[in-house]
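Written out below as structure tokens is the structure these notes cover.
In this text the structure is predicted, and so the values were computed from the model without any measurement. The chain is numbered in sequence order, starting from 1.
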Amino acid sequence: MTEARAVVSTGKGKPVEVTTIHVPDPGPGEAVIRVQACGVCHTDLHYREGGISDDYPFLLGHEVAGVVEQVGDGVGNVEPGDFVVLNWRAVCGNCRACKRGRPQYCFDTHNAAQPMTLGDGTPLSPALGIGGFAERTLVHSGQCTKVDPAARPAVAGLLGCGVMAGIGAAVNTGQVGPGDSVAVIGCGGVGDGAITGAAMAGARRIIAVDKDPEKLAWAREFGATHTVNASEADTVEAIRELTGGHGADVVVDAVGVPATYQQAFYARDLAGTAVLVGVPTPEMTLELPLLDVFGRGGALKSSWYGDCLPERDFPMLTELHLQGRLPLEKFVSEEISLDDVEAAFAKMGRGEVLRSVVTF
């Protein structure tokens with residue numbers, strides 16, 4: 001058992017606290033990670049606000065890069081000293097999705113069996129099974145993916161969630177290819193990841209949609225060829241106008257509310273693809289004319305974690321970054337300490353940053 005400073009959410013809407021937690025020694029199949037960097041993601045704020053569950057107290061943080069410090073019995077994929085990016089969908093290899101060759105849809109993903117606790121023994125609920133706003137965290141070894149240690153932790157860790165979700169939404173789920181037209185609604189970290197992925201895949205036209213002019217300027221840095229200010233123009237009509245009146249081949253909704261999903265649905269070309277990667281809240285509902293769903297054809301997809309396979313995608317994307325072909329560093333707006341996480345949530349809410357990253 002070791003002690004570590006960590007960021008904990010104790011109740012709905014309450015400011016987070018930096019406190020000491022207990023991290024058990026790793027059991028079978030588990031690993032203790034010395035965290036080097038952890039990005040501040042909207043999902044962490046959803047946890048704090050009770051939008052995921054009411055399983056308080058939460059150990060927040062999940063976009064992690066770090067070094068394996070200890071491993072338990074039976075761990076063969078990593079060893080102490082390995083530089084890893086953590087993932088929150090460690091595939092089991094045995095469920096019906098895995099056995100059908102679709103492990104990105106694994107229905108029985110792994111997390112550590114032992115709980116981390118507060119000093120008084122209260123069990124913590126780690127965000128997405130990781131709990132990365134901590135000096136150390138306990139995870140299942142399958143959540144660890146080795147990547148090239150030449151990558152800076154503050155940059156590599158972003159592949160653990162938001163950037164991977166965006167890139168994967170475009171490339172894996174949307175299957176964007178050379179010459180396609182793509183629209184991305186919502187240009188935060190995930191949306192800009194989708195823009196980056198579309199550009200890497202050779203999309204001919206990439207339309208960024210947001211209400212914030214600064215975010216639209218950021219989107220151009222990641223490869224957007226056109227921008228639409230949704231507070232000044234009708235999103236669907238603007239996308240159609242920019243695609244010869246037809247609509248985009250692929251539209252990615254990186255916001256995840258009914259209004260933006262309807263825009264994505266109608267802004268795609270006939271037989272085009274709409275990809276939902278923004279995460280809705282439980283009370284949200286959607287109403288669409290069934291005749292339009294039938295008549296427009298195409299595909300309506302949700303993207304879980306960018307439909308990624310960490311052991312395939314994390315090392316490949318890290319290598320592309322080190323070659324100068326994937327500008328991960330542009331996503332990092334600031335590097336902060338554990339004590340600055342609450343302030344980082346406020347900056348994120350005001351749209352002032354793409355990613356604040358806690359570094360140790």
Side-chain angles (χ1 to χ4, degrees), residues 36-42 63-65 83-87 145 147-174 176-178 180 182-210 212-227 250 252 254 275 277 303 305-306 308 310 312-336 344 347-348 351-359:
Q36 293 179 312
C38 184
V40 180
C41 176
H42 274 91
E63 281 186 350
V64 173
F83 179 59
V84 295
V85 174
L86 301 188
N87 72 78
T145 304
V147 299
D148 192 328
R152 290 184 58 240
V155 170
L158 300 182
L159 294 173
C161 186
V163 173
M164 183 70 255
I167 291 175
V171 176
N172 296 333
T173 314
V176 173
D180 282 349
V182 178
V184 177
I185 303 173
C187 298
V190 174
D192 283 341
I195 289 168
T196 302
M200 291 169 58
R204 174 176 55 89
R205 181 159 300 188
I206 304 172
I207 304 163
V209 181
D210 205 287
D212 186 335
E214 186 171 9
K215 287 186 177 180
L216 292 174
W218 290 341
R220 283 197 177 273
E221 294 184 19
F222 289 100
T225 60
H226 299 77
T227 59
V250 179
V252 177
V275 177
V277 65
S303 185
Y305 205 179
C308 77
R312 174 195 69 193
D313 295 336
F314 290 6
M316 178 264 293
L317 293 173
T318 300
E319 184 175 350
L320 290 178
H321 167 66
L322 291 172
Q323 292 172 359
R325 299 162 63 189
L326 175 57
L328 292 176
E329 72 284 349
K330 291 184 179 180
F331 288 91
V332 180
S333 302
E334 61 175 0
E335 296 185 27
I336 62 173
K347 290 179 183 178
M348 184 172 62
E352 296 175 2
V353 293
L354 272 178
R355 270 296 186 272
S356 302
V357 180
V358 175
T359 55

Whether over 12 other heavy atoms sit under 6.0 Å from E319 CD
no
Mind checking whether F222 and F331 have parallel, tilted or perpendicular rings, split at 30° and 60°?
tilted
Stepwise side chain to side chain contact (heavy atoms under 4.5 Å, CB included) check, L322 with D148
CA-CA 9 Å; L322 291 172; D148 192 328; 3.5 Å; yes
D313 side, atom CG; T145 side, atom OG1 - distance, nearest 0.5 Å:
9.5 Å
Steps toward side chain to side chain contact (heavy atoms under 4.5 Å, CB included) verdict (I195, C187)
CA-CA 8 Å; I195 289 168; C187 298; 4.2 Å; yes
Do the non-hydrogen side-chain atoms of I336 and V358 ever get within less than 4.5 Å of each other?
yes
For A169 against V252, the heavy-atom pair lying closest together:
CB-CG1, 4.3 Å
Closest non-hydrogen atom pair between E335 and A154, with its separation:
OE2-CB, 3.8 Å
Please report the closest heavy-atom contact between A254 and V190, naming both atoms and the distance.
CB-CG1, 4.3 Å
Taking C-beta and beyond as the side chain, do L326 and I167 meet within less than 4.5 Å on heavy atoms?
yes
A side-chain contact here means heavy atoms from C-beta on lying under 4.5 Å apart; do P327 and E329 qualify?
yes
Counting N and O atoms only, with roles assigned by atom type, does the side chain of S333 sit under 3.5 Å from a partner on the main chain of L354, one being a donor and the other an acceptor?
yes
Go through the steps for L159 and H321 under the test side chain to side chain contact (heavy atoms under 4.5 Å, CB included), then give the verdict.
CA-CA 11 Å; L159 294 173; H321 167 66; over 6 Å; no
How long is the straight-line distance from SG of C308 back to CG of N87, given to the nearest 0.5 Å?
7.0 Å
Hey, does the side chain of T225 reach the backbone of I206 with a donor-acceptor pair shorter than 3.5 angstrom?
yes
Note, R355 side chain near L158 side chain (heavy atom, < 4.5 Å):
yes
Shortest non-hydrogen separation from A198 to A170 and the atoms involved
N-CB, 3.9 Å
Taking every non-hydrogen atom, the tightest pair across V275 and G174
CG2-CA, 3.8 Å
Does the side chain of M348 reach to within under 4.5 Å of the side chain of H42, using non-hydrogen atoms?
yes
Flag, side chain of D210 to backbone of L216, donor-acceptor distance under 3.5 Å:
no
Check: V357 and R152 side chains under 4.5 Å, non-hydrogen atoms:
no
Rounded to the nearest 0.5 Å, what's the gap from CD on E221 to OG1 on T196? Could you check?
10.5 Å
List the atom of A203, the atom of V182, and the distance in Å for their closest heavy-atom pair.
CB-CG2, 3.9 Å
